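Reading through the structure tokens given below for one structure.
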There are 2 protein chains.
Amino acid sequence: MHNAELDSIDLAILAALQRDARLPNKDLAERLGVAPSTALERVRALRRRGIITGFRASVDVAKLGRPLQALLALRVRPHTSQLVDPLRSFVLSLPETITLFHVAGAEDFLVHVAVADAEHLHRLCLERFLVRPEIVHLQTTLIFKSEDQPVQRPSEM
Amino acid sequence: MHNAELDSIDLAILAALQRDARLPNKDLAERLGVAPSTALERVRALRRRGIITGFRASVDVAKLGRPLQALLALRVRPHTSQLVDPLRSFVLSLPETITLFHVAGAEDFLVHVAVADAEHLHRLCLERFLVRPEIVHLQTTLIFKSEDQPVQRPSEM
DNA sequence: GATGAAAGGCAGTGAAA
DNA sequence: TTTCACTGCCTTTCATC
């Protein structure tokens, strides 16, 4: 499964494009010390191999009026795919959802959400989640801050 | 703080560029039904306003040899900035770290990590986290699957 | 703020090493 | 697999509305 034959040029491409996906190919090539056509082909190969899965604009949810983030831990009973799959789709269809984690342990899902304020969070829990009978438990954890990091090295650490 | 005066064109730009940050400006303009120069200026304005924070390549960590993901819940005592700030920097410097959540509640941090295998996870917990005296508790939750979602609407829901 | 024309520059192709 | 050279098209600017 790991297609991890990456040389230092590939790693440099991943680092550069994780920082700026719109870096012009000419500039990228210059940084790598290779010809532009080489850089172009390397990037395409990384996409073909599924190592680069896409290029996405990052949006500041706080600036869009949702400055409050939380993690909702859901326990679902019975935990059958008949109930779990529709719940997954439902959670992903909510505009408040940023990430859905399907986890092992006492809880079954963790939902990272962004909301306008505490009142909005309260309504979300009561009117969207707890109205569903398969959700037998919900625990809310407020997020003070979340910080992302680029993916760094291939495997061995 | 919320700069959220976004018309339907801005929202369409956010939707399009979250799906594909490299969508050619010409194509973007065509979708929006405006001139290329207009689309260009709108995107630049969204960046200036801090609504678009950047353009990033998405990388498949599993393909880089780290197919196993987990959430590590850390309790830190005493919870003073003198201890917390260096810990934050440390966690963000680990190549295994994807996201660091600073949270309210029984735990103080949640760390989303990607590792090669269970053995690697075990070593990470014992040799990187639990060796630090300020970490008084660590709970590991395996992630079966995580699904991201683009940011959708501005505020009211 | 949005438009359209004009100009410069870049992406992307194909042949060769 | 990388490089070089070339063509076409896109990005970007600016004057205008």
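Chain A is the first sequence line, chain B the second, and so forth, proteins listed ahead of strands; every chain is numbered from 1. Being a predicted model, the structure only gives us computed values, none of them experimental.
Taking CG of B:L23 as the start and CZ of A:F55 as the end, the distance is 13.0 Å to the nearest 0.5 Å. Taking CG from B:L87 and CD from B:E134, the interatomic distance works out to 5.0 Å, rounded to the nearest 0.5 Å. In this structure, A:I52 CD1 and A:R44 CZ are separated by 12.5 Å, a value rounded to the nearest 0.5 Å.
Where DNA chain C meets chain A (any atom under 4.0 Å from a heavy atom), the bounding nucleotides read 5' to 3' are C:dC10 to C:dT13.
Under 3.5 Å, the side chains of A:T53 and B:D60 contain no donor-acceptor pair of N or O atoms.
No N or O donor and acceptor, one from the side chain of B:S37 and one from the base of D:dC14, sit under 3.5 Å apart.
Remark: B:R77 engages B:D108 in a side-chain hydrogen bond (donor to acceptor under 3.5 Å, both in side chains) (not counting sequence neighbours). With sequence neighbours excluded, no residue satisfies salt bridge (Lys or Arg N to Asp or Glu O under 4.0 Å) with A:R56.
Residues from residues 16-32 of chain A that place a heavy atom under 4.0 Å from any atom of DNA chain C, listed by number: A:P24, A:N25, A:K26.
Sorted by first and then second residue, the pairs that involve residues 6-24 of chain A and meet side-chain hydrogen bond (donor to acceptor under 3.5 Å, both in side chains), not counting sequence neighbours, are A:D7-A:R42, A:D10-A:R42.
A salt bridge is absent between A:R128 and A:E96; no separation between the charged side-chain nitrogens and carboxylate oxygens falls under 4.0 Å. Under 4.0 Å is where a charged nitrogen must lie from a carboxylate oxygen, and between A:K26 and A:E30 no such pair does.
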Salt bridge (charged side-chain N to carboxylate O under 4.0 Å, His left out) evaluation trace for B:E5 with B:R49 = CA-CA 10 Å; B:E5 278 148 45; B:R49 295 159 72 185; 5.8 Å; no
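For the OP1/OP2 pair of D:dT2 and a distance below 4.0 Å, the side-chain nitrogens and oxygens of A:R42 include at least one atom meeting the criterion. Taking side-chain N and O atoms only, B:R44 has a distance below 4.0 Å to OP1 or OP2 of D:dT13.
In this entry the distance linking CG of B:L40 with C1' of D:dC10 reads 11 Å, nearest Å. When the C1' atom of D:dT2 is taken as reference, atom CG of A:D7 falls 13 Å away, rounded to whole Å.
From one end of the helix from C:dG1-D:dC17 to C:dA17-D:dT1 to the other, with five pairs defining each end axis, the axis direction shifts by 40° (rounded to 10°).
Taking the centre of each ring, A:H102 and A:H79 come in below the 6.0 Å mark.
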